[in-house]
There are 2 protein chains.
Amino acid sequence: MNDVAPALGVTVDVVAFTIRDRTLWVLLVERAGPPFEGGRALPGGFVRSRRDHRGRVHGEDLDEAALRELAEETGLRPGEGALARVHLEQFASYGAPARDPRMHVVSVAYLAFAPDLPDPRPGGDARTAGWVPVAAALDLAFDHDMIVTDALERIRSTLEYTPLATAFLGREFTIAELRAVYAAVWGEELPAADFHRKVLSVPGFVESSGAVTARGGARGGPRARLYRAGDARLLHPALLRPGRENAVRL
Amino acid sequence: MNDVAPALGVTVDVVAFTIRDRTLWVLLVERAGPPFEGGRALPGGFVRSRRDHRGRVHGEDLDEAALRELAEETGLRPGEGALARVHLEQFASYGAPARDPRMHVVSVAYLAFAPDLPDPRPGGDARTAGWVPVAAALDLAFDHDMIVTDALERIRSTLEYTPLATAFLGREFTIAELRAVYAAVWGEELPAADFHRKVLSVPGFVESSGAVTARGGARGGPRARLYRAGDARLLHPALLRPGRENAVRL
DNA sequence: TTAATAGTGTCTTTCAGACAATATTAT
DNA sequence: ATAATATTGTCTGAAAGACACTATTAA
């Protein structure tokens, strides 16, 4: 092993998704300083670490850093209110030597699944942050276009195998609301009848709360039953995206 | 963003798996210096990066660093011979502040799927390296026990959804050899008849080479047909581990 | 000849997907 | 009343898993 450690930078970047108007939005910030000043980027920053006068390391773990960055940008406090319900998950690291013009920086990227959070407070940070539809999240700073693309593929796959779609919803939700999450993330409508039966047949995906919605749909229809997230960590059987046969070959 | 970059170390660690004697082995090195001197650890080391006299960054990407480390430890050259057939894949990063007693080090961990490589040449590096059955890969330095555990779960899952089991085999292989890979990684035997039909029914998993083995099995049996890896990147439908229903709940 | 192994046949159950049908509600 | 929506019913075909069966080969 080469025991000399070059001074590299380590950042965390968070790809925070939420759902508004039946589509997927991502949280972006406007950069206040160089490089890419004025450009849009993912919320993120350097992992904090320092030594005290005895030489002992005081630093944060990667998960902590990601949660801190998300809290800073949204103006919410970690573990409080809506942020307490956000699911954070590391998904990849990026370390191309030229990805940051200042120095060699390795970025650890996180996915965040957020219920509809409030718009970030404008004066909360030097940078302004805001939610943007994923289709409009282009021409980002650094290699963040690639990170968003990878994150999108990851979240689409995650919804197939885990019950984390519920992390986009409130504590109680209807099957139709859950279906809307899948439709927004996968970018296609799903057959309502089959989705309904499928969700209820997967053990631990959702559990009934016994209640129903106060009103029917905006344009009519019966009042729907309400459910809560169940205790499953994985969906078995999985809820696979339709028509993926063509994505399989080289 | 906090624009000051603390000096953190960045390493890559490689969890290289191979199959011998129908079980899974992992490549470990013996540490030549502190910390954990004399202890066993995953092959790995600091990502290289330096600035020239103009201040330009010359560094390696994470994938490059992982391949370099693996080549150094095995004594093979990257892109040459058996190493050219190794599949390398990033799977997680670890950054607990105290995971390395010297300083705050973030490690990017890679999986390697290797055909049966030769034993590392003894004098190739300051450290001695060797293959160890995964069940015996305990009490490793740093947080490498956790990394191996995570890698094991990842490779088990990867075999469900990708054709990468073929990366453990030579260019041509029999269905029974492929089944032995699955059995070694999943730690359980699979029904031969169903596995056979299943593999052949997944488009692009394997393609026939037309040939058969020179001899039948050691204790009798017909000569088996030979196959090569196909062009699929994903298995559709997937080849799921049996009896996972109980792993689903909290 | 015997035992082991490759490969095929067949049956049952589960699951995915298409689509019809019914019930409830907003307008 | 009408249209929209939640939920249930039914059918078809794919896929998983159990297990019997045949053919081929080493010893």
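We name chains A, B, ... by the order of the sequence lines, and we start the count at 1 in each one. Only a predicted model underlies this, so the values are computations on that prediction, with no experimental measurement involved.
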Winner on side-chain proximity to B:P237, out of C:dT8, D:dA15, C:dG9, is D:dA15
With B:V14 as partner, the option from B:I147, B:L67, B:L88 fulfilling side-chain contact (heavy atoms from CB on, under 4.5 Å) is B:L88
Please determine whether the number of non-hydrogen atoms from other residues, nucleotides or ligands lying under 6.0 Å from atom CZ of B:R228 exceeds 12. yes
Sorted by number, residues from residues 206-216 of chain B placing a heavy atom under 4.0 Å from DNA chain D are B:R215, B:G216
Here the pair of heavy atoms bringing B:R223 nearest to B:A214 is CD-O, 3.4 Å
To the nearest angstrom, the CG-C1' distance between B:L240 and C:dT14 comes to 13 Å
Classify the nucleic acid contact of A:R223 as base, sugar-phosphate or nothing, counting any heavy atom under 4.0 Å across all strands shown.
-> sugar-phosphate
For B:L164 and B:T158 the tightest heavy-atom approach is CD1-CG2, 3.9 Å
Within 45° of the ring axis of A:W25 and under 6.0 Å from its six-membered ring centre, is that where the NZ or CZ of A:R20 lies?
-> yes
Of all heavy-atom pairs linking A:L169 and A:P115, the shortest is O-CB, 4.1 Å
B:D194 atom CG is separated from C:dG9 atom P, nearest whole Å, by 14 Å
By nearest-nucleotide position on DNA chain C, the 5'-leaning member of B:Y227 and A:G243 is B:Y227
From CD of A:E188 across to C1' of C:dG17 the rounded distance in Å is 13 Å
Residues A:A151 and A:V15: closest non-hydrogen pair is CB-CG1, 3.7 Å
Could I get a table of every N or O pair under 3.5 Å where one atom is in the protein and the other is in nucleotides 2-4 of chain D?
unit_1: D:dA4; atom_1: O4'; unit_2: A:R219; atom_2: O; d: 3.2
unit_1: D:dA4; atom_1: N3; unit_2: A:G221; atom_2: N; d: 3.3

Contact check, residues 158-175 of chain B vs DNA chain D, heavy-atom distance under 4.0 Å, returns none
(message) Is the phosphate of D:dA6 approached by A:R179 (side-chain N or O, under 4.0 Å from OP1 or OP2)?
(response) yes
(request) Check whether any side-chain nitrogen or oxygen of A:H196 sits under 4.0 Å from OP1 or OP2 of D:dT7, and answer yes or no. (result) yes
For B:A167 and B:H87 the tightest heavy-atom approach is CB-CB, 4.3 Å
The answer to which of A:A218 and A:R197 contacts DNA chain D further toward the 5' end, by nearest nucleotide, is A:A218
In whole angstroms, the gap separating P of C:dC15 from CG of A:L200 amounts to 14 Å
**Message:** Classify B:R225 by what it touches in the nucleic acid, base, sugar-phosphate, or nothing, heavy-atom distance under 4.0 Å.
**Reply:** sugar-phosphate
Which part of the nucleic acid, if any, lies within contact of B:A193, taking any heavy atom under 4.0 Å across all strands shown: a base, the sugar-phosphate backbone alone, or nothing?
base
